[in-house]
Amino acid sequence: MGRNPERRGMTINHKKSQVLMVVRTEELVEQIKIEYDGQQLTQVESYEYLGTTIHQTGKLQGEVHKQAQKATNSYFLLCPEPLLIQ
């Protein structure tokens, strides 16, 4: 964000701002302390951004499952009766 986001017309909402540390290994993620204007931001294990869940381990298994479930639900909304192929 830089030192002065307000100069660029940006404001930071401390209640909505979160910290996500992504690691490449399965080891424990260390707790980090990031503050803005004297208030500590909350560290989370996963974060949803534009409909995609980003997890601290960087793995996508949960995201792939979620997207497949959305596709299945959409299919059955469009085609409530199964097609029988003979």
>> Is it the case that the side chain of His14 and the backbone of Gln39 share a donor-acceptor pair, with hydrogens and angles ignored and the cut-off at 3.5 Å?
In response: no
>> Grouping I, L, V, M, F, W and Y whenever their side-chain heavy atoms are under 4.5 Å apart, do Tyr47 and Ile12 come out in a common cluster?
In response: no
>> How long is the straight-line distance from CD1 of Ile54 back to CD of Glu48, given to the nearest 0.5 Å?
In response: 9.5 Å
> Would a hydrophobic clustering, with Ile, Leu, Val, Met, Phe, Trp and Tyr connected at side-chain separations under 4.5 Å, put Leu50 with Val64?
Replying inline: no
>> Using 0.5 Å steps for rounding, measure from the OG1 atom of Thr53 to the CD atom of Gln67.
In response: 8.5 Å
>> Looking at Glu35, I'd like to know if its CD atom is crowded, meaning that more than 12 non-hydrogen atoms belonging to other residues, nucleotides or ligands lie closer than 6.0 Å.
In response: yes
> Transitively linked via ILVMFWY side-chain contacts under 4.5 Å: Leu20 with Ile32?
Replying inline: no
>> Let me check something: do Val19 and Met21 share a hydrophobic cluster, defined by ILVMFWY side-chain heavy atoms less than 4.5 Å apart, either directly or through other members?
In response: yes
